[in-house]
Amino acid sequence: MARSTADELLELERKQRTIDRAPFRNLAIKDATVLDTIEGRMPCERCYASRKYFCYNCFLPVIDQIYFPRVKLPIKIDIVKHRRETAGKSTAVHAVILAPEDVKIYTYPKFPEIDREETVLIFPSESAIRVEDLFKEVKDEEGQDSTILRRIKSELPVKRAIFIDSTWQQTKEIYKDVRFRGLRCVILKSRISQFWRNQKKCPRWYLATIEAIHQFLVELHTCAFGAIENYTDLDDPVVNREQNYVMLNEESSDMYLATELRYNGQYDNLLYFFKYMYEKIHTLYDHDKLLAYKRPLL
C-alpha cells in the first residue's frame, strides 16, 4: 500500500510538472501584453496613493478600462478580508476590478448581509458539501428534483458565495464568527495553485483567492450546464449549431440544452491580472527555485 501511494505521488508530481510548464494554456484569458505599454504609476482617484494598475486599498483601477476586460458573473461574490492581510499581496482585488458589478470586499469585522437560503461559504469545514451536491439539494414545491427545470430556465441553486481572504491561520478566526453559523459550506475540487507567494506549512492545493473564485464559478456553471471540451481550440464556441445540443439526462428525451449555455471560458478572464503577474514573476525567477512551488502537492 505504501509503495502504491508513493507511486501515485510520483505520478502526480510528474503530471504537475507538465501542467506547470503552461498552466493557463487551456483557459480563454485575454492577452495582457497591452499592460506592458503602461509607463510609470498613477494616483488613485480616491486616496491619491501612487499605483501601477489598481489601488489595492480602494479597490479601484487607476488605468483606463481599455487595458483590461470586464467579466459578468452568474452570482454575487462577497469577500471577507482579514484586517491583517497585506493588501498589496492579496489577489482578491483582481475580482473587484474585473467584475465590479458582482464582487464586493469587506474588511473583517465588517460583514455582508447573509441570506442563508441563497448563500454558501467556500470553506473546507467538516460538514462541507461539494458544488455538485448543491444541485442534488434542489427540490420543487412538490418535493421533486427540479435541477432539470432550473437548467432550462438558466437558474442556479445559489445566488451568492462568500470567500475568506487571509492566511489559513487567519481564516479560522473569521470562520468561527457567529454570523457564519448555519451557513452551508462548500469545498472545491482539488486544484494546484500557481500563486507565486509562499504560504508556510500550506500545500499547493491551497488556492489564492482569485483562483478559488474562478474554480468555484467554473464548477458551478459546469454542474448546471456542462462544458465545451477544448473550448480554447475553437474560433467560435457555438459553430455548427445544429450539433451543439446536449441531453440534460437520459430519461428526458425532449429536454435539450444549447451549447451557448455550456462553459466555454466565460469566467477565465478573472485570472487576467493573475496570469500577467505570474508571467512577469517567471521572467525574473526560475519556477523550480521559488519556494511557493516547492510546497507539497497534498
Side-chain angles (χ1 to χ4, degrees), residues 44-49 51 53-62 68 70-125 127-129 131 134 156-188 193 195 197 199 202 206-220 267 269-274 277:
C44 169
E45 64 181 34
R46 182 175 297 171
C47 69
Y48 304 108
R51 303 294 187 222
Y53 307 115
F54 46 76
C55 180
Y56 41 76
N57 288 320
C58 300
F59 316 131
L60 292 172
V62 298
F68 58 93
R70 283 289 177 88
V71 185
K72 181 60 183 171
L73 306 185
I75 64 172
K76 301 300 182 183
I77 300 293
D78 291 324
I79 302 169
V80 179
K81 178 180 176 295
H82 196 280
R83 60 189 177 278
R84 290 197 299 272
E85 178 72 359
T86 304
K89 294 182 179 180
S90 172
T91 62
V93 64
H94 298 186
V96 183
I97 301 299
L98 296 166
E101 296 180 357
D102 301 311
V103 181
K104 290 184 179 180
I105 294 181
Y106 300 81
T107 301
Y108 187 77
K110 290 184 179 180
F111 242 70
E113 292 185 10
I114 298 177
D115 182 334
R116 282 169 169 73
E117 293 296 319
E118 300 179 339
T119 305
V120 292
L121 172 65
I122 311 305
F123 185 82
S125 70
S127 60
I129 61 175
V131 172
L134 292 171
L156 296 169
V158 296
K159 294 184 178 180
R160 187 176 299 272
I162 300 176
F163 292 78
I164 300 175
D165 182 48
S166 67
T167 63
W168 181 241
Q169 290 72 22
Q170 295 167 344
T171 294
K172 294 178 182 178
E173 175 188 340
I174 297 177
Y175 173 67
K176 292 178 181 178
D177 192 291
V178 295
R179 288 170 289 185
F180 275 147
R181 285 183 185 170
L183 193 60
R184 290 174 297 172
C185 289
V186 170
I187 189 170
L188 304 176
S193 175
F195 198 28
R197 296 191 185 280
Q199 292 192 55
C202 292
Y206 280 33
L207 301 176
T209 301
I210 194 64
E211 290 179 296
I213 294 172
H214 174 259
Q215 176 70 18
F216 172 70
L217 291 173
V218 171
E219 287 189 43
L220 187 69
Y267 319 125
N269 272 326
L270 286 174
L271 297 174
Y272 177 78
F273 287 114
F274 186 86
M277 294 175 183

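All values below were derived from every heavy atom in this structure, side-chain atoms included, with hydrogens, water molecules and symmetry-related copies excluded.
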With distance as the sole test, does Ser166 use its side chain to make a donor-acceptor pair with the main-chain N or O of Thr171 at under 3.5 Å? yes
Please check this pair: side chain of Arg179 against backbone of Pro112, looking for a donor-acceptor N/O pair closer than 3.5 Å. no
[X] ring center near [Y] ring center (under 6.0 Å):
X: Phe273; Y: Phe54; result: yes
X: Phe180; Y: Phe111; result: yes
X: Phe123; Y: Tyr175; result: yes

Count the heavy atoms of every other residue, nucleotide or ligand shown that sit under 6.0 Å from NZ of Lys110, and state whether that count exceeds 12. no
Before giving the answer on side-chain contact (heavy atoms from CB on, under 4.5 Å), spell out for Ile162 and Val120 the whole-Å C-alpha distance, their side-chain angles and the decisive distance to 0.1 Å. CA-CA 6 Å; Ile162 300 176; Val120 292; over 6 Å; no
Do [X] and [Y] come within less than 4.5 Å of each other through their side chains, counting heavy atoms only?
X: Ser90; Y: His82; answer: no
X: Val158; Y: Leu220; answer: yes
X: Leu98; Y: Leu271; answer: no
X: Val80; Y: Asp177; answer: no
X: Arg184; Y: Leu134; answer: yes

Take Ile213 and Ile79, measure what side-chain contact (heavy atoms from CB on, under 4.5 Å) needs, and give me the verdict at the end. CA-CA 10 Å; Ile213 294 172; Ile79 302 169; 3.8 Å; yes
Under the side-chain contact (heavy atoms from CB on, under 4.5 Å) rule, what do Lys89 and Tyr56 come out as? Steps first, then yes or no, please. CA-CA 9 Å; Lys89 294 182 179 180; Tyr56 41 76; over 6 Å; no
Straight-line distance of [X] [atom1] to [Y] [atom2], nearest 0.5 Å:
X: Leu73; Y: His214; atom1: CG; atom2: NE2; result: 10.5 Å
X: Ile174; Y: Tyr108; atom1: CD1; atom2: OH; result: 6.5 Å
X: Ile187; Y: Ser127; atom1: CD1; atom2: OG; result: 10.5 Å
X: Glu101; Y: Arg70; atom1: CD; atom2: CZ; result: 7.0 Å
X: Ile122; Y: Phe216; atom1: CD1; atom2: CZ; result: 4.0 Å
X: Lys159; Y: Glu117; atom1: NZ; atom2: CD; result: 11.5 Å

Minimum-distance pair of heavy atoms, taken over all atoms of Val131 and Glu219: CG2-OE1, 3.4 Å
Looking at every heavy atom in both Ala208 and Ser193, which two are closest together, and how far apart are they? N-OG, 4.0 Å
Applying side-chain hydrogen bond (donor to acceptor under 3.5 Å, both in side chains), can you list everything that pairs with [X], at least two apart in sequence or on another chain?
X: Asn57; result: none
X: Thr119; result: none
X: Asn269; result: none

Decide, yes or no, whether a salt bridge links Asp78 with Arg160 under the criterion of side-chain N to carboxylate O below 4.0 Å. yes
If you measure from the Lys or Arg side-chain nitrogens to the Asp or Glu carboxylate oxygens, is any gap between Arg83 and Glu173 under 4.0 Å? yes
When you compare the side chains of Gln215 and Glu211, does any donor N or O come within less than 3.5 Å of an acceptor on the partner? no
Side chain to side chain contact (heavy atoms under 4.5 Å, CB included), paired with Leu270, selected from Ile97, Val103, Leu217, Ile77: Leu217
